[in-house]
Number of protein chains: 2
Amino acid sequence: MRPLSGIRVVEISSFVAVPLAGMTLAQLGAEVVRIDPVGGAADYHRWPLTADGESIYWAGLNKGKRSMEVDMRSTDGRELVQRLIAAAGVLITNVAGRQWHSYETLRALRSDLIHLEVVGRADGTTGVDYTVNAATGFPLVTGPADHTGPVNHVMPSWDVSCGLYAALAILAALRRRDATGQGSRIRLPLDDVALATAANLGFLTEPMVNGVQRPRLGNAIYGQYGRDFTSSDGQSFMVVALTARHFRDLAELTGTAQAVAALADSLGVDFADEGSRYAHRELLNDLFAEWFGSHTAEEVSAALSASSVLWDRYQSFAEVARSPRVTANPLFAPLHQDRIGTYPAPGLPMSVDGAHTHCDPAPALGADNAALPAEWLGHD
Amino acid sequence: MRPLSGIRVVEISSFVAVPLAGMTLAQLGAEVVRIDPVGGAADYHRWPLTADGESIYWAGLNKGKRSMEVDMRSTDGRELVQRLIAAAGVLITNVAGRQWHSYETLRALRSDLIHLEVVGRADGTTGVDYTVNAATGFPLVTGPADHTGPVNHVMPSWDVSCGLYAALAILAALRRRDATGQGSRIRLPLDDVALATAANLGFLTEPMVNGVQRPRLGNAIYGQYGRDFTSSDGQSFMVVALTARHFRDLAELTGTAQAVAALADSLGVDFADEGSRYAHRELLNDLFAEWFGSHTAEEVSAALSASSVLWDRYQSFAEVARSPRVTANPLFAPLHQDRIGTYPAPGLPMSVDGAHTHCDPAPALGADNAALPAEWLGHD
């Protein structure tokens with residue numbers, strides 16, 4: 001039995017956060033219908049596309065859902081969607097501010113409704129991952145230390161975290177409803193996901209408490225020893241020493257244990273302390289970089305593998321996609337996706353009792369227009 | 001009633017993912033005890049630090065928990081922890097591979113145990129956010145388009161997503177246990193969180209299907225129109241036009257509507273199509289950049305605010321920390337944190353029925369050494 005067996009969810013969404021939330025609930029066993037306007041929502045043609053113009057992105061975030069295409073400008077269309085939401089008892093949406101599917105309107109149809117709305121910012125203004133991220137502080141400390149100007153992330157961290165918080169909020173609300181019979185009105189601003197995360201991790205708290213914030217450090221880790229090194233044949237490696245043992249091993253494998261000890265003596269510091277490793281990272285970098293620069297990627301990999309040091313090679317998406325981490329990983333299973341092809345697709349990242357859950361492909365837009373109302377509302 | 005009222009959780013953890021999971025469960029109402037080795041785990045002094053050397057980071061990720069400090073190398077210590085886990089019925093940990101708190105060992109003490117272990121990689125090797133990220137593909141497409149070499153993210157996306165997936169997995173397992181009486185053995189590799197996310201978002205699927213991957217684009221958005229612009233007084237703005245309406249508004253407010261139309265004519269394209277906006281972004285950039293460069297930040301903000309265009313100013317952590325988005329946001333409430341000070345701290349990013357949940361400060365290490373065993377095991 002999957003945890004959300006028997007739970008039905010209506011999703012009115014576009015882009016990343018709410019589609020990810022809906023897909024996650026589907027992966028946990030819920031029956032999720034994504035309801036789109038006729039022709040699909042604004043994300044229906046989002047890149048990357050296949051040569052035929054099909055959205056790989058859309059297929060990726062709507063796996064395991066059912067689909068309806070409804071004219072939500074018409075009274076009939078809105079009434080149908082309202083009845084489906086009342087039947088399901090759970091709505092997730094990022095289409096905010098529509099009176100006809102507001103909590104107040106829908107609660108009159110289903111008193112224990114769970115209604116989750118993702119909005120841009122807490123004050124009701126718009127925001128998407130790109131703009132929210134600009135206003136977090138992260139782009140001004142990302143990128144080469146001598147770079148001026150912002151560096152955006154490519155991975156939409158806020159959208160993904162928002163989608164997972166949304167799924168979590170639905171599970172929590174279901175538990176509360178089971179216990180008390182009460183529904184929930186849940187409001188989740190994307191900006192608040194970013195602010196809460198930046199504060200929980202100390203990025204915002206540091207200037208509040210210390211009056212100053214962390215600097216831009218390139219690929220170095222703040223307050224620890226870690227950075228990228230390049231082998232003689234041009235391969236980049238990320239190398240991290242979080243503990244005194246990691247650091248000792250790094251010095252040993254690079255043949256710099258004596259030089260590092262001499263450096264510690266001359267500076268009067270103890271590199272068993274992470275702050276000392278951080279403070280004197282430039283001197284340490286120079287010692288270690290020489291070893292990396294005079295060994296091939298193969299030699300570097302072999303030496304790091306034999307140590308406790310945390311490390312990996314930088315790899316491209318294309319390289320990752322064909323690596324055994326994907327092709328021989330039970331997280332991935334072959335998916336036949338109409339219009340796109342057959343390729344390995346992931347389930348939820350956790351295994352439960354040794355098994356991964358995999359779900360069906362993304363539906364064709366409107367595939368369940370006829371069947372779903374009949375099933376959920378008992379007529380057609 | 002908070003959704004996880006009455007649920008008890010033992011956490012044996014360090015760093016980000018599992019501490020965040022435990023804190024999230026505490027914010028949802030669970031009673032969570034973090035059990036540390038004597039003197040604290042490897043993250044107890046993690047940066048940022050106060051002037052007195054107290055970890056702002058540790059305080060941020062352990063809010064609302066109880067704390068025990070136990071000599072887990074001793075038989076007595078291990079037995080105590082085992083009995084606490086059996087009493088709680090839920091363990092979350094990233095200290096993997098210890099026989100004494102393995103699922104097999106503990107299930108003998110509590111048959112419906114929920115046991116969640118975060119590991120580095122699916123194959124059992126180690127990995128942390130920094131090294132996992134290197135091997136995702138993201139650092140090689142992040143940063144200025146003409147930059148060579150990797151650019152690491154500063155926001156630990158994989159740790160945060162992993163922590164949220166872990167919390168989600170616990171809620172799902174609790175629901176399953178309520179329905180069936182069965183426990184769960186949950187294994188969550190940090191690397192699989194990254195791989196599943198990169199695949200769901202299309203970054204890995206694109207090379208699988210099309211044979212090529214997206215390029216490095218600086219701050220431009222892939223497949224859409226969006227990038228950073230700088231005002232005459234040197235303020236950077238992130239500006240995004242996801243829809244045809246956003247794009248029309250951007251052209252109008254920058255006074256380039258005619259020039260954009262003429263450009264479309266001469267190229268024979270329709271900028272209502274997102275792919276066309278993306279393909280010809282360099283030409284569009286030049287048109288728009290002139291307007292931004294000849295207006296002050298105040299003028300730019302006023303014009304963007306009056307339009308549908310998605311935008312924000314790039315801001316530093318220090319600026320965000322003192323902005324009304326934090327100081328006048330009900331997401332944040334004043335927290336008195338012993339050893340650190342009083343500052344605004346966030347609750348969960350979602351409000352439920354209009355209210356945010358705030359939790360207690362982080363505990364002193366070992367604060368519950370005496371009380372908790374008495375409460376949970378009925379003796380002292």
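A, B, ... follow the sequence lines: proteins, then strands. Residue 1 opens every chain. Atom set for the values below is all heavy atoms of this structure, side chains included, hydrogens, waters and symmetry mates excluded.
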Taking side chain as C-beta onward, heavy atoms only, is B:Tyr314 less than 4.5 Å from B:Met238? yes

Return yes if a side-chain donor-acceptor contact under 3.5 Å exists between A:Gln224 and B:Tyr130, otherwise no. no

Return the set of residues passing side-chain contact (heavy atoms from CB on, under 4.5 Å) with B:Ser351 (not counting sequence neighbours), or none when no residue passes. A:Arg187, B:His356

When the 4.5 angstrom heavy-atom criterion is applied to A:Arg325 and chain B, the contacting part is both

Sort A:Pro207 into side chain, backbone, both or neither according to what part of it lies under 4.5 angstrom from a heavy atom of chain B. side chain

Does any heavy atom of chain B fall under 4.5 Å from the side chain of A:Asp191, the backbone, both, or neither of them? side chain

Quick one: what part of B:Phe15 sits under 4.5 Å from any heavy atom of chain A, side chain, backbone, both or neither? side chain

Side chain, backbone, both or neither: which part of B:Thr197 has a heavy atom under 4.5 Å from chain A? side chain

Close side-chain approach of B:Val239 and B:Leu310, heavy atoms under 4.5 Å: no

Applying a strict 4.5 Å limit to non-hydrogen atoms, the region of B:Ala345 in contact with chain A is neither

Honestly, the part of B:Val160 sitting under 4.5 Å from a heavy atom of chain A is side chain

Does a side chain donor of either A:Asp273 or A:Tyr278 reach within less than 3.5 Å of an acceptor in the other side chain? no

Measure distances from B:Ser161 to the heavy atoms of chain A and classify the residue's part below 4.5 Å as side chain, backbone, both or neither. both

Charged N-O contact under 4.0 Å between B:Arg313 and B:Glu319: yes

Can you tell me which portion of A:Asp353 sits under 4.5 Å from chain B's heavy atoms? Options are side chain, backbone, both or neither. both

Proximity breakdown for B:Ile7 and chain A, heavy-atom pairs closer than 4.5 Å: side chain

Listing, residues 132-141 of chain A side-chain donor-acceptor contacts under 3.5 Å, not counting sequence neighbours, or none:
from: A:Asn133; atom 1: OD1; to: A:Trp158; atom 2: NE1; distance (Å): 2.9
from: A:Thr136; atom 1: OG1; to: A:Asn133; atom 2: O; distance (Å): 2.6
from: A:Thr136; atom 1: OG1; to: A:Phe138; atom 2: N; distance (Å): 3.1

